[in-house]
Amino acid sequence: PLAGWVMAFQNYKPKDGLFGSKFVGLEKFKFLFSDDVFLRDIRNTLAMGVLNLVTTFLMAIIFAILLNEVRNMFGKKLVQTISYLPHFLSWIVVTGILHDALSSTGIVNELLANLGILDSPINFFANPGYFWPIVAFANVWKETGWNAIIYLAAITSIDPSLYEAAAIDGAGRWAKIKHVTLPGIKPTIIILLLMNVGNVLNAGFEVQYLLGNGLVQKVSQTIDIYVLKWGISQGDFAIGTAAGIFKSFVSIILIVIANQIAKRNGEEQLF
């Protein structure tokens with residue numbers, strides 16, 4: 001499939017194909033990095049990617065640890081089931097729920113008004129300052145339960161005798177979490193962190209495309225949306241391919257750097 005990357009170095013025309021299109025070298029890449037819109041989309045993608053990484057990564061760990069502390073099995077399974085369900089919802093459904101909840105007549109504005117915090121409704125989707133937090137919240141709500149599964153599995157593999165020894169030494173719940181649970185799942189945390197670092201530029205497409213509008217366009221567009229507009233809407237497949245290569249190149253660099261940092265610190269590593 002990587003043979004298609006050749007398009008990024010051509011003035012590609014579908015009728016001419018890969019072998020008939022004219023080679024233009026790095027011209028498409030020069031265009032990308034001279035385009036203010038693309039540079040702005042890199043900023044948006046990186047910002048939302050980092051924000052999503054931090055929030056979803058930390059929330060999954062916190063949720064798994066808290067869920068592990070629940071002693072009532074019925075309540076634990078009920079919470080697990082409810083937390084998993086959003087993962088299976090389409091982003092169209094999720095963004096629809098967000099639109100309804102955050103609209104001027106939605107439940108969020110009604111609650112804030114009833115609590116006396118607001119005098120008039122807030123148009124959350126008209127203010128660029130709210131867009132990134134909304135996207136982060138959407139990812140946390142949708143994926144936290146699902147992402148916590150692997151941490152719960154890692155926690156169950158910890159030797160119960162370690163908790164017993166900690167209890168004999170007088171450790172409470174917090175001390176057990178700090179000195180037994182967290183060290184026990186540390187290798188899993190490091191491996192997943194390394195893998196997720198490579199996905200920083202995969203900040204998403206659906207949620208930004210569906211929630212974005214003209215008022216927040218400067219903060220909502222990502223590289224994937226840029227590829228859609230140039231590669232599909234305007235038919236410049238070479239520009240779209242060049243942008244895709246850039247994403248892959250940056251992702252590889254980030255994974256290698258993160259892996260080397262983990263290696264130097266004696267942590268788990270991918271390779």
Checklist entry - Roughly how far apart are Leu118 CG and Glu110 CD, rounded to 0.5 Å? => result 12.0 Å
Checklist outcome for this item: Distance col, row Leu102:CG vs Thr95:OG1, nearest 0.5 angstrom, shows 11.5 Å
Taking side-chain hydrogen bond (donor to acceptor under 3.5 Å, both in side chains) as the test, write out the residues that go with [X], two or more places apart.
X	answer
Ser161	Asp159
Gln221	none
Asp35	Tyr226

Checklist entry - Mind checking what makes salt bridge (charged side-chain N to carboxylate O under 4.0 Å, His left out) contact with Lys178, not counting sequence neighbours? => result none
Checklist outcome for this item: Residue set satisfying salt bridge (charged side-chain N to carboxylate O under 4.0 Å, His left out) with Lys176, at least two apart, ordered chain then number -> none
Checklist entry - For the residue pair Phe31 and Trp230, is the inter-centroid distance of their aromatic rings smaller than 6.0 Å? => result yes
Checklist entry - Pairs in or reaching into residues 254-271: which pass salt bridge (Lys or Arg N to Asp or Glu O under 4.0 Å), with residues at least two apart or in two chains? => result Lys186-Glu267
Checklist entry - Please, which pairs that meet salt bridge (Lys or Arg N to Asp or Glu O under 4.0 Å) have at least one residue in residues 77-97, sequence neighbours excluded? => result none
Partners meeting ring pair (Phe, Tyr, Trp, His ring centres under 6.0 Å) with [X] (sequence neighbours left out):
X	result
Tyr130	Phe124
Phe57	none
Tyr163	none
His99	Phe125

Item to check | Candidate pair Trp146 and Phe88, rule ring-ring contact (aromatic ring centres under 6.0 Å, His included), full reasoning | outcome: CA-CA 9 Å; Trp146 183 258; Phe88 300 100; 5.4 Å; yes
Item to check | Minimum heavy-atom distance between Phe63 and Ala148, given as atom pair plus value | outcome: CD2-CB, 3.7 Å
Checklist entry - Can you check side chain to side chain contact (heavy atoms under 4.5 Å, CB included) on Asp41 and Ile225, steps first, answer last? => result CA-CA 9 Å; Asp41 291 350; Ile225 295 176; over 6 Å; no
Next on the checklist: Lys218 vs Asn44, test: side chain to side chain donor-acceptor pair (under 3.5 Å). Steps then yes/no.
Outcome noted: CA-CA 8 Å; Lys218 290 185 177 180; Asn44 296 341; over 6 Å; no
Checklist outcome for this item: With sequence neighbours left out, the residues meeting side-chain contact (heavy atoms from CB on, under 4.5 Å) with Ala242 are Ala8, Lys28, Phe29, Leu32
